[in-house]
There are 2 protein chains.
Amino acid sequence: METVKNAINEVADSATHEEIQQGPLTPSHDTPYFPEERVGWKGYIEWEKAAKVLAQHKFPHPPEFQLEPLPKTNPLLEGEFVKSEKAKDMLHVLDFPYNGEPPRDRLVTNPITPNEDHFVRNHSGIPDIKEEAYFFNVEGLVNEPKRLTLKDLKNEDLFPRQSNTVTIQCSGTRRIEQIHLYPGDGDELINAPWSEGAIGTAKWTGVGLKKIIKHCGGLNPSAKHIEFIGADSYFKKGQVTNFAVSVPWKKVKSNEVLLAWEMNDKPLPKIHGFPLRVVVFGYIGARSCKWLTRIRALSEPSMSPVQRKEYLYFNQQIGKHNATYNSGFSILDMPVSSAIMTPPDRAVIAHSGSIKLTGWAYSGGGRWPQRIEVSPDGGSVWYEAPWEKVSKKYYHAWRTWEIEVPVDAEGWLEFVCRCWDNALNTQPTFVRSAWNWDLHVTSSCHRIFIYSVNKTRPRYGQAKGVPLEPITRPLEFELEDEAEYMAEQEKRGGRDPEE
Amino acid sequence: METVKNAINEVADSATHEEIQQGPLTPSHDTPYFPEERVGWKGYIEWEKAAKVLAQHKFPHPPEFQLEPLPKTNPLLEGEFVKSEKAKDMLHVLDFPYNGEPPRDRLVTNPITPNEDHFVRNHSGIPDIKEEAYFFNVEGLVNEPKRLTLKDLKNEDLFPRQSNTVTIQCSGTRRIEQIHLYPGDGDELINAPWSEGAIGTAKWTGVGLKKIIKHCGGLNPSAKHIEFIGADSYFKKGQVTNFAVSVPWKKVKSNEVLLAWEMNDKPLPKIHGFPLRVVVFGYIGARSCKWLTRIRALSEPSMSPVQRKEYLYFNQQIGKHNATYNSGFSILDMPVSSAIMTPPDRAVIAHSGSIKLTGWAYSGGGRWPQRIEVSPDGGSVWYEAPWEKVSKKYYHAWRTWEIEVPVDAEGWLEFVCRCWDNALNTQPTFVRSAWNWDLHVTSSCHRIFIYSVNKTRPRYGQAKGVPLEPITRPLEFELEDEAEYMAEQEKRGGRDPEE
C-alpha cells in the first residue's frame, strides 16, 4: 500500500504535470492510466492492483492545499454529476474530492432533505456505473459466497423491500468552529471545513443487509464484522485504496443496515452512490459506503486506512508526536447535537421584542431529540422550542425546529442552542470542551452572534438616514443634541458626587 | 463648533484634494491655511478661531477608513518625531493621528518603560514648540489668573520639584479583542485597534498642579474642575477643536496631578508633549493632556467633545440608536487589569514540564496589583506569580511579573491571567463580560493559546523530520507502524466489547 506514495516521492522536481499525465503508459490525453476494469464501470479502479502498476511511475508531490488553489473541477469526471444532480447554490466546501453542503436557511425548510440539497462528502471522483453492468460480491467468512445484481435485489420474491427515514451526518459537521479557534492542527486541510450543513435526512429504500447475509447461508461463527468496499478511491497520507469500512455484525443483525437504490422515492443519484449504497442507521456517515462493489465478512474490524486511521476521536491534550491510532477511538454512533440555521451568524435583526430561530437537532444510535432549547444570553436562560414547532420523531432521523425567543436588549447578543436526547444526553458547553486532534465531531452548543435592534424602543426609526447596522466607517452619528444633554444632566444632578 | 463639519459636507464632489489644498487662502503648497499663531509654536492652531475661517471653505468628505489606506506619514509634521523619538520597531496602530505601541516581549523587560518604547496615543499632529517661546495661561475661576513660562516652573524658589513613577494607560488597551469578537460596532475604525501595549510607566518630573493653583491665589469656591487645553487638535465626528479635558479639583488637591517636563530624567520628547504635559495619576491616559497651553478652573466638567462625547463607558446591550452620551459614564480611574506578554499568542512551546510567562498588571486610582495569577487550563486552576518575580509596588504604577507554570498536557492549551488589586478587585472572566459600545476598557482576563509540546514524553524527537508545529498542510505523518498497532490492539483486547 505504501508503493504509490513512494512513487510520488521519487518524482523528479523538473517533471511537469503535463509530462506526468503523458507518462509511458498514456500515449495521449484521451487514454487514462487504467482503462475501465469492468465494462460499464467508468471511473472505477481496483486500487490493490493499480498500486502495483503506479509504483513504477513518477508523480508530483501532493499539493500544499494552503498555498495553491484547489482544482476548479472534478478531475475524474469534470463535475458532471455535481452540476446535474445538486442544487446550483450548494456551498462547495472542497472541489475535489467533491464536498458540498446546502445553503443554511434551506436545509431546515423541510424535515426530509430534497436529493439536490443533501450534503455530499466524497473521497475522490464519482464512479459512473451502468445499472445493467452492476453487481457486487458477498465473500469472506460467509457460508455461501455469492454475486448479486441489482435485479436480484429488486426481486421481491427473494428479498422484502424496506424503506427507512434516516439522517446521515458527517463527523466533520461544524468542523470550521474548531479550525477557527485552533488553526493548523489535525487534518482539516485535506478534510473539508464543514459548516452546519454536513447533515441530511432522506427516505431510503432497498433491502436489509441482514436478509442478504441470510440469503448467503449466514456467517461462519468467527465472523464479527461486515466490510463494505466501494468503487470509489480513497487517498490518505500518500496511500490510495478503494474506500472500505466495516460495521459490527451486531449492527446488521439489528436490521440497522440497508442496501439502498432509492433516495426519497427516486433512483439514487450518481453522486450519492448509484446504483447501490449502504445506509448505516445512527452511525457516522463514513460507514454508509457508496457504489458498493464488495461485501466481506471478517473476524475483525476492517484493516482499511479509512477505518483504522481515520474517523478516530482523539484525546484533546496530546500532541501529534505522542498520538497513536490506538489512542483514538472509532467514531460509530453520532452523539447528540444541534445547530441554529436561521438567522445567520452576525445578522442584524430589527424586531418587536422577539426573534425567530430555526434549526436542526439530531442524536445517533437510535436515540432521538427530545427537547431543543435556545438561550439568547450566551447560555444562562434557556427557552424550549414548543413541541408543535418540532418536526416528527424517528428512531434514526433528526428533528427540525423553530422558536420565537423573547429579546428586549439591543446590540450584540449571543444565541446558543442545545438538544437533550431521550437518553438525557446534552451537548458540551463550548467548542473547547470537545475540541480534539483531527477535528471530528464538533457537537458543543452551537453559538451565533446577533445584532439586535428593538423596534419598540422610543428612538427606533429616528436615525437620520444612518443604517441600523453596526458602524463600519466613521459615520456622523450624534447621540443626543446639546440642549437635551444639558437638560438631562441637570435632572441627573450633574456628573459629580457630593463632597 | 459645527461649522467645520458643515463646510466639509458642502464640498463639491468634483473638487479634487489638490484643488482644495490650493484653495483661495493658500496660493501655493508651501503656505498653510494658518500661519503659526504664535512665534515658536509650529503646528499649533487655536481651533475656536480657526473654525470660523474654515467654515467659509469647502473640504472633501472624511475618508472611509475601512476602504482606503491611511496616509503613510503624519500630514502635519511628516513623522519626524515618530522617526527620531520612537524605537524603530514600534507597532504603528494608526499612522495619523500617530498611535503606536512597543513589541510585546520588550514592554515588560523593564518595570520602567524607556522613552522610545512608551506607547503614543495622539489625536492629530505633533506641535513643535520652542522652549523659550513656551508659556501657558491659568484662567477661569482662579483668584489670580497668571501666565507662566517653563522658566517660572523650574524656579525652585517658587515651586518645589516633584518626581513620581506613574503608569499611563489608554482606555483602548486590548481593544482588538473586542473588535475581533464583535466587529463593526462603536468607533474602532477611527480609534486605534490597540493590542496589550497601550500602557507604559515612567518617572515623571515637574511641579504639582496644586502648587500652581496656590501660586494663582487659589480658586473661587464655585470651582470644581480644572480643565487642560492642549496645543494639539482633536477631530471627532466632523468637529475640530483643541484637545481639552478636565479633572475634578479634588484630584488636584490630593496632589495626584503633575505638570511634567521630564520623562525618565530626560527632557520630555516632542511626541510626548514637550515642553510641558499633564500627568494625572491612576486615571485614563486621555486626561494627561500634552503640549499644555491653557489651564481653566470651571464649575462643571469640561464641555469639550473629548470629555463629553468620548471616553465614555456604555451599557453593553443598547444599540447606537438608543445610546445617549448621558447614558455612558466618564472613564476616570482605570480598573484592575493585566496581560500576558510572553510567550505570544499561538506560539508553539517545546518544554520539559513547565512554561515561563511574563506580563504586566495594573490598577488605577491609587490601588496596586497585589496578586497575579495564571491558569494553564482556561481558568480552572490558577497559579500565583511568586512575589520575588513581581516588580516593586507603587501607588500609581503597574507591576511586571514572571511565572513558571507546570504543564504536563500537550496540544493546544488556553493560558489566562488575572490580577487582584489591594482592594480585592479582580478582572471579568470573558471579553463578553465587559464588552461595551465604543469598545473601551478591555479588562477581562487576558487569554492566549499555546501549542504545548512536552519534551519529557517518550516519543519527543522521534518525529522523522516533521516539524513540531501544528500541521498546516497535508504532511505525511504516521502515528504508529502496522506491527506496533497490531501488537497493541492484541494487548488491549481488540476494538470489540464482549457479547
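The sequence lines fix the lettering, A, B, ..., with proteins before strands; numbering per chain opens at 1. Values below: all heavy atoms of this structure, side chains included; hydrogens, waters and symmetry mates excluded.
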Taking [options] one by one, which has the highest count of heavy-atom pairs under 4.5 Å against chain B?
options	result
A:L413, A:D408, A:V453	A:L413
A:R308, A:M303, A:E300	A:R308
A:S330, A:A409, A:S327	A:A409

If one checks every heavy atom of A:L332 against chain B at 4.5 Å, the contacting part turns out to be neither
Applying a strict 4.5 Å limit to non-hydrogen atoms, the region of A:Y485 in contact with chain B is both
If one checks every heavy atom of B:F430 against chain A at 4.5 Å, the contacting part turns out to be neither
Looking only at B:P248, B:A323, B:G378, the option with the highest number of non-hydrogen pairs under 4.5 Å against chain A is B:A323
Minimum side-chain heavy-atom gap A:L479-B:F314 below 4.5 Å | yes
Q) Below 4.0 angstrom, N of the basic side chain to O of the carboxylate: do B:E480 and A:K309 qualify? A) no
Result for side-chain hydrogen bond (donor to acceptor under 3.5 Å, both in side chains) between B:N326 and one of A:E484, A:Q489, A:E488 points to A:Q489
